[in-house]
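Input: a single structure, listed below in structure tokens.
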Amino acid sequence: MLRIEHLNKSYGDKKAVDDLSLHIRPGEIYGFIGHNGAGKTTTIKACCGLLRFDSGEVHIAGHSVKDEPLACKRLTAYLPDNPDLYEFLSGIKYLNFIADIFQLSIAKREERITALSAEFSLTDDLAQPISAYSHGMKQKLAVIAALMHEPRLLVMDEPFTGLDPKASFILKQKMRTLCDAGGAVFFSTHVLDVAEKLCDKVAIIKDGRLVVEGTMEAVRGKESLEEVFLELED
Amino acid sequence: MLNALVKVQARAALQAMYNRTALKKKKAKGNLVLMALLAVYILASLGFSFGFFFKNMLDSFAPMNLLWMYFAITGLAGFLFSFMGSVFLSQSMLFKAKDNDLLLSLPLKPGQILLARTLSLYLMAMIIQLVILLPAFIVFLLYGQAGAAQIVIFLLTLVLLPLPSMALSMLLGWLLSLVSDRIRHKNVITIVLSLGFLTAYFWGYSKLMEAMNSLVSRGQEIAKAVQSALPPAYHYGMSIAHGDLSSFLLFALFCLVPFGALMLIISRNYIHVLTNQRGARKAVYKGGRMRAGSPMKALVTKEARLFFGKPIYLMNSAISLLFMLALPLILLFDRNTLTAITATFGVGGDFLGPICALILCVLSASTFISAPSVSLEGKNLWLIQSLPVKPIQSLMAKALTHILISAVPIVLSSVLLAVILKLDLISFLLTLALPLAASAFAAFLGLALNLRFPKLSWRNEAEPVKQSMSTFLAMTLGFLVPAGLAALYIFALNHIPVQLYLLLSVLFFLLLGALLYAHLNRTADKAYLDLTEAA
């Protein structure tokens with residue numbers, strides 16, 4: 001579903017991503033772990049077509065992010081670490097805007113918005129301007145917008161930050177449902193317990209380079225993911 | 001701590017105009033030189049025109065022994081212009097800045113935060129006043145009456161004079177912030193209040209020449225009235241004209257006491273205003289039938305909502321559109337003024353139609369709705385970049401919003417002009433087509449400039465709208481290009497029929513628009529990726 005091949009990206013003299021290759025297959029929840037500044041956000045942004053990369057290739061369902069960005073974006077939903085949304089719109093107008101961009105039919109958007117906003121307990125607040133939302137509410141709205149068009153690939157940067165326990169639980173369920181339906185999830189996180197319980201595969205990155213990658217069982221062995229991560233960091 | 005905060009605010013105020021991070025170093029240097037040259041040219045032009053005006057005034061007042069009145073009037077002009085420049089900024093800069101939460105979390109007193117914020121406002125008021133007061137004082141120096149005392153006192157008053165206009169604009173911004181959070185349609189109210197203020201301002205400005213003539217003919221009488229009714233102006237004038245120290249001290253008190261008192265009152269109330277989230281009654285979503293539209297319609301609607309939802313954006317970028325609507329009204333009620341203008345160009349009343357078309361063209365071309373539109377994406381840029389929307393589609397939506405918003409007053413004004421001036425069909429179509437073509441040019445020009453000079457990191461909308469290179473250049477070029485076309489007709493093309501000239505102008509703007517569109521289409525993908533690195 002997502003194939004990253006020999007990805008390189010530098011900011012001036014600093015190498016942010018160094019020859020990174022990953023392959024996320026349909027049905028996989030793939031955790032992306034690393035310390036602050038390790039290159040996670042840069043990789044994620046490059047995968048979603050937000051950032052130019054120096055060399056390498058990124059393919060989503062066979063489409064090149066470089067050459068066919070629109071085809072890739074139609075299949076993908078991206079959730080950044082800090083969801084800055086259009087604060088001059090109300091929640092419902094924002095969701096309608098996203099639905100128009102993805103050309104969802106009226107019936108489809110009504111069904112998806114009604115169901116998702118109820119699940120994330122945001123229905124009553126949809127008429128409010130986003131500027132009046134708390135950080136958690138904005139995060140929920142961004143999650144609903146991301147899931148609304150039923151993407152095949154969900155790419156998220158620290159998705160659980162700011163979400164309340166119930167919303168986190170629902171999001172985890174949604175991630176699994178998406179993968180069970182043949183989609184894939186690629187997300188970064190610092191919450192290693194979550195990664196350990198949720199991910200089928202995990203990659204640990206340090207200073208832009210891949211340190212270890214594989215199934216959760218293979219990476220952690222008999223230790224916890226936290227212990228493995230700390231050992232690799234040292 | 002306060003020192004550090006003041007330094008950060010000063011740096012931010014300077015960067016607000018010029019975003020070095022967005023550009024490569026070599027280009028940044030070139031742009032800095034270009035910007036400096038343009039700034040010097042504009043300031044010098046303004047300075048010369050004010051100087052010419054002040055020289056005539058001084059020639060009238062000096063024989064009447066009313067030198068203090070000369071300075072009182074120049075000081076009042078400085079006060080009014082800097083008030084005008086800061087009034088729309090004070091609310092957004094002092095009370096609506098995006099980094100309020102961050103600063104409130106630091107161990108700083110509210111008064112310190114307020115003081116650091118007022119620095120940017122002070123800088124702006126000071127620059128505006130310098131453009132007026134420096135020529136006034138140079139004219140006085142050339143008159144040969146200035147001694148060392150006058151020069152020293154003038155320099156000291158330069159430091160003090162921004163304070164009263166700042167105090168007034170801060171007071172208005174504070175009152176607006178106190179009430180606005182409790183009002184549901186606060187944007188509408190802000191726009192209506194701003195329009196009322198602008199109407200009053202321009203009405204007053206239109207009466208200025210009349211008032212100046214009256215001043216000269218009834219100098220002694222008015223001087224007495226100013227002395228008793230406006231003591232700060234009187235003492236300001238006396239202190240500079242005669243080097244009067246007691247007058248200077250009194251003037252200093254008039255500046256410092258109201259400003260200090262206001263700072264004290266606002267700083268006591270500052271946290272309350274910044275954190276006041278009571279807001280309007282909460283709207284509860286009740287569902288209802290949804291509507292679907294095309295991606296382009298969604299993008300245009302989003303841009304229009306941003307435009308109408310941000311009074312500072314609307315009032316600054318589209319003020320020319322209001323003047324368009326005023327033009328037929330001026331023709332209806334004060335036709336003589338426009339006829340007199342046509343006469344100064346040595347043409348008869350039958351040129352009123354083409355001149356009105358040119359005025360509409362200048363007003364349309366200097367509207368700069370699109371020029372800050374990319375910068376206004378700010379931290380939301382990731383959204384449009386991650387959605388299945390081509391960069392050129394996003395840019396076209398911004399251009400279309402600009403053109404559609406401009407088209408409403410253009411059509412209204414053209415139809416009214418056609419009725420009032422009894423234009424034939426071809427003249428009417430040209431009067432309509434010229435500003436529309438200029439609008440397309442301005443829309444694409446604004447976008448090209450904004451991609452060249454993006455400003456994505458801002459603390460309040462005033463920065464990309466009022467203090468950025470792209471809006472400054474869009475407005476300046478939007479004025480200069482049609483002005484150049486008019487000059488071309490007056491000096492070189494006056495032998496061709498005026499309708500042919502107007503048609504050629506329409507084609508010229510369409511050609512410029514097409515070239516700019518082709519440029520945007522070719523560079524949009526790369527430019528949007530560059531924006532991520534500039535942000």
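By convention in this document, chain letters (A, B, ...) are assigned in the order of the sequence lines, proteins followed by strands, and residues within each chain are numbered from 1.
- Proximity to chain B at a heavy-atom threshold of 4.5 Å picks out A:L70, A:K73 from residues 63-73 of chain A, in numerical order.
- The OH atom of B:Y313 sits 9.5 Å away from the CZ atom of A:F88 when rounded to the nearest 0.5 Å.
- A distance of 7.0 Å separates OH in A:Y78 from CH2 in B:W382, rounded to the nearest 0.5 Å.
- Few gaps surround CZ on A:R112; more than 12 heavy atoms of other groups in view lie less than 6.0 Å from it.
- Looking only at heavy-atom pairs under 4.5 Å with chain B, the residue among A:K45, A:K93, A:R74 that has the most is A:K93.
- For chain B, the option among A:P80, A:G49, A:S90 with the highest count of heavy-atom pairs below 4.5 Å is A:P80.
- For A:I92, the part lying near chain B is the side chain, with the backbone staying farther off; criterion is any non-hydrogen pair under 4.5 Å.
- Of the listed residues A:Y94, A:Y86, A:F102, A:Y11, the one with more heavy-atom pairs under 4.5 angstrom with chain B than any other is A:Y86.
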Going through the distances and angles, do B:L383 and A:D84 end up as a side-chain contact (heavy atoms from CB on, under 4.5 Å)? CA-CA 8 Å; B:L383 253 165; A:D84 290 300; over 6 Å; no
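- Note that the CD1 atom of B:I384 and the CG atom of A:L50 stand 11.0 Å from one another [nearest 0.5 Å].
- The most heavy-atom pairs under 4.5 Å with chain A, out of B:P388, B:A292, B:A298, come from B:P388.
- Comparing A:R109, A:Q103, A:R52, A:H149 by how many heavy-atom pairs each has under 4.5 Å with chain B, the most go to A:R52.
- We find the CG-CG distance between B:N380 and A:L89 to be 9.0 Å, quoted to the nearest 0.5 Å.
- For residues 383-395 of chain B, every residue pair satisfying the side-chain hydrogen bond (donor to acceptor under 3.5 Å, both in side chains) rule, not counting sequence neighbours, is listed here: B:Q385-B:T532, B:S394-B:Y528.
- Of the listed residues (A:L85, A:V155, A:I98), the one with the most heavy-atom contacts under 4.5 Å to chain B is A:L85.
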Run the numbers on A:D124 and B:Y285 for side-chain contact (heavy atoms from CB on, under 4.5 Å), then give the verdict. CA-CA 5 Å; A:D124 285 351; B:Y285 179 63; 5.9 Å; no
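- When side chains are defined from C-beta on, B:P295 counts as touching A:I101, because their heavy atoms get closer than 4.5 Å.
- Here side-chain hydrogen bond (donor to acceptor under 3.5 Å, both in side chains) pairs that include residues 287-304 of chain B, with residues two or more places apart or in two chains, are A:E110-B:R289, B:K302-B:E377, B:E303-B:K398.
- Options B:M296, B:K379, B:M290 differ in how many heavy-atom pairs under 4.5 Å they form with chain A, and the most are formed by B:M290.
- Within the structure, salt bridge (charged side-chain N to carboxylate O under 4.0 Å, His left out) contacts touching residues 125-140 of chain A (residues at least two apart or in different chains) are A:E87-A:K138, A:D125-B:K282, A:K140-A:D164.
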